[in-house]
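In what follows, every chain begins at residue 1, and chains take the letters A, B, ... in the order their sequences are listed.
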Amino acid sequence: MKKHINTLCFMCSVRCPIQVEVENEQVISIRGNPHVPAMKGGVCPKGVAAVAALNDTQRIQSPLIRTGERGSGQWKRVSWEDALDYTADRCKAIFDTYGAKSAVYCERANLISDISKSFQKAIGSPNHFTHDTVCKGSINTACRSMIGYTDGQINADWTHAKHVVLYGRNVFESVEIKAMNSFMAALEKGTKLTYIDPRVTITAAKAHDYKMIRPGGDLAFNYALMNVIIKEKLYDAPYVKRWVEGFNELSRFVDPYTPEWAEKETGIPAAEIVSLAREVSRVKPAVVFHYGYRGSHHPTEVYFRRSILILNALMGSIESKGGLFIKKGLKDAGYKAGLRTFSSQKFPEMEDKRRFDGCGQDKFPIADPAHGVGFMFPHAVIHEDPYPIKVLFAFRYDPLLSNPDYNTNLKALQKLDLIVASDVNFGATTALADVILPESFFLERSDPLQMGSGLKPAINRRIACVRPRFDTKPMWWIVKQLADRLGVGQYFPYDTAEDIWKYQLADLDIKIEDFDETGFVSLSDKAIWWDRNDGINFKTPSGKIEVVSDLMESHGIPSLPAYQPLDRQPDAFRLMCGRCVAHTNVMTQNNLYLNHLVPENRLWINERRAEELRIADGDRIEVASGAGKGEMRAFVTDLIHPEAAFMLHGFGHKEIDSKRSYGKGVADALLQERLYDRIGGSPALDHTWITVKKL
Amino acid sequence: MGDYIITTNPNRCIACHACEIACKSEKNIPLEATLGKIVVLGPKMVNGKPKMSSVFVPCFHCEKAWCLEACPTEAIRRREKDGLVYIIESLCVGCKACIMACPWHIPQWNSETGKAIKCDLCMDRIDQGLEPACVSVCPTDALSFGRPEELSDKTREAYAHGLLERNLSATSVRL
């Protein structure tokens, strides 16, 4: 008997709504949820490849306890009972000496984050961080400093935008299907796309105007755009008057940053900057300068992201049709309460609230503690700053390969007393673990409900489509079992996913059955916009868009510091990293189909520079930085700026149980130095200089 | 292509290859064999601008099918009702004559079974009123499946509607 089940994908962090066709416990096909029109019934290659991931015998098939050296791939299969007892006993012994704060919990932010955070609160550790800190810590900080919302609480109105400017935001390779299709339909109706990136991507090839900017030049480019917009009075004057705090300071600040000045810093002709400023202004406020993601991660990133938001503010496009919007939730849709959370329970007072990363505290006073600064983990472990860290819970997250400076990360992990990993597959960190508590694949598990905030808010549900193939469990079950054994099980009042759903919905008049037909419960038929003349609820102290930011100034951080020119190293390349359509982060390189589609990464270098180094396309090369070196193949091309080099993120796997991806390509983390944005909290993933030579 | 045609809209194609993977995964085709293939050119610089284009190439289901005529065991047949050319697996002896005969080498080799395989445009899905797997999975609707006359109607209408829309709005601006 064939069944069609509506659930949420998890091959990447987008979590598209999908429909899974199941017969006799086998997944026949995966398609976009037909009840969500913007999915157009399709899925991306990662979504299709989920079936191979489900049935992959290279998955972690049972709880494992390490028997050989860390990373040796020598494991003992154990029962869940034994694995959980072992973990809890080791934790108890360590906590007796060093306290529960010696345990750090990291994860890829996901549907069980509320439960993960509750676990740390219950055991009494302030130390939790998410993967978001790597990709978008500074974007988050920039957004909160200006509008009082995180980047996760805003989005772009792709459908109605008339001009979209993207900075390395590679929408047609990162493939958030709903947004991508809405945008593609807009492009067909005449929306303009300006794409700015030192490297040509698929998105560049779809753009009306592509600008091959010098790596790191985006901030200078934006200051020059502002200079033109303000001098020529191209901004939305009533909106700016009503909503923008610090416009006069901004006018004075950008005065010296002329297009001619920016031309020298960016390589983009001054006339092109002027014409872009004029062009976008003509269609304001239906303009999107997109604030994220990937690309241009430099030590000044928080100011670059703020500059993007300022451009939107000048266009009057924040909370305007065709611009950016603030996502609306249950309360905006007229509901009195939200989803009930586990982390809002009353937990015992922590004896030491200092975080390992100093996030929201001394080291990163204005970065977001909800995600932390995971980049600081090795520092905290190696230097025992602010105290000894002994335990890492790496749950569906791979800090070794995801964070810059692989060698230092490895040193820190080796210093730990206990690494507890939970994942579907063997990742770099998982392979070093002392104990592995394998998670069921997303097609095999039900998860807590997801609040889908947006113009039309909805609540979405992931539900198990097939029984687990192997001896694996959902993460919420694993966490509860550990909590039970550590004496804090009372904060996890559930036995089944249904119990969790009922708990979440306790304050709402929505039933579990309401999800059965479509997989979601829609909370509003029409798009919810606030009145842009008087009704925008900016969550800053002034209630306005703070170009001069209270959050920053009150911590002694300047809102508009003078521009620092980029350094030059004529013999080196500025290493950039990024994504392709086949892979998510460090998680999919071993997938049967995705590995076949893109099996390894190569170093993109400009053909002129390659010729000087006598490197031909496909040659084996050595790539080196201050952090490490590796060997890979060169991709010689005119599709990249001469000063830049580029490699796909996520390769260079060395875990021997992942046989397809083992030893393929080089990890960008191996070369990336420990450079970071000291204000925003992001690692400066695109700032390392590398040298390249032919082998 | 029998009574059907698959067309590619290169402006919508993002070269993601979901079409190929769905075919392999759902039709249980070995990794190395690609029945329907998306052929992509670029991105490459053309007069200083990055450009790309693509076209999907499944089996053409030729009216004069070289593979069918070359097959010594009559394992390759043509379906009367819609002209689709397909292989009856149990009759294939693995001689590869079809692969050699086809000017595009469309039939592929299944090393696991030692038999030839080819795109049958997902006859089973068509019979259920569904589109071929490659078309139905496409996340951007870059692939379209149908009868040539339907596609022609759709294309003409879409193009003309765009023109008319622009005409109307131009008039309203003048007024």
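Ranked by heavy-atom pairs shorter than 4.5 Å toward chain B, the options A:V200, A:L187, A:N181, A:D638 are led by A:N181. Between chain B and the residues A:C16, A:G41, A:S29, the most heavy-atom pairs under 4.5 angstrom are made by A:S29. Per-residue counts of heavy-atom pairs under 4.5 Å with chain B were compared for A:V51, A:I202, A:T201, A:V581; the largest is that of A:I202.
Classification of the A:W158-A:F183 ring pair by plane angle, with boundaries at 30° and 60°, yields tilted.
Using a 4.5 Å cut-off on side-chain heavy atoms (C-beta onward), A:R59 and A:F441 make contact. In this structure the side chain of A:L592 never reaches within 4.5 angstrom of the side chain of A:D56, judged on heavy atoms. Under the 4.5 Å side-chain criterion, counting only non-hydrogen atoms from C-beta, A:I30 is not in contact with A:Q19.
Using a 4.5 Å cut-off between heavy atoms, A:V175 touches chain B through its side chain atoms alone. The contact between B:N9 and chain A is made entirely by side chain atoms (from C-beta outward), counting heavy-atom distances below 4.5 Å. For a residue to count as touching a neighbouring chain, one of its non-hydrogen atoms must lie under 4.5 Å from one of that chain's; by this rule A:L597 touches chain B with the side chain only. Looking at A:M39, the atoms closer than 4.5 Å to chain B (heavy atoms on both sides) all sit in the backbone: N, CA, C or O. In this structure, the portions of A:F172 lying under 4.5 Å from any heavy atom of chain B include both its backbone and its side chain. Contact annotation for A:M184: both backbone and side-chain heavy atoms come within less than 4.5 Å of a heavy atom of chain B. In this structure, the portions of B:C16 lying under 4.5 Å from any heavy atom of chain A include both its backbone and its side chain. Of the atoms belonging to A:K206, it is side-chain heavy atoms, and not backbone ones, that fall under 4.5 Å from chain B. Looking at A:E188, the atoms closer than 4.5 Å to chain B (heavy atoms on both sides) all sit in the side chain, from C-beta outward. Both the backbone and the side chain of A:A204 come within less than 4.5 Å of a heavy atom of chain B. For chain A, the nearby part of B:K49 is the side chain; its heavy atoms alone come within less than 4.5 Å.
Between the side chain of A:R660 and the backbone N or O of A:N590 there is at least one donor-acceptor pair closer than 3.5 Å. Looking at B:T8, its side chain never comes within 3.5 Å of a backbone N or O of B:V55 through a donor-acceptor pair. Between the A:Q589 side chain and the A:N585 main chain, a donor and an acceptor come within less than 3.5 Å of each other.
When only modelled atom types and interatomic distance are considered, A:N55 and A:R469 share a side-chain donor-acceptor pair under 3.5 Å.
B:M123 and B:R79 make their closest contact through SD-CD, 3.5 Å (heavy atoms, listed as atom of the first residue, atom of the second, distance).
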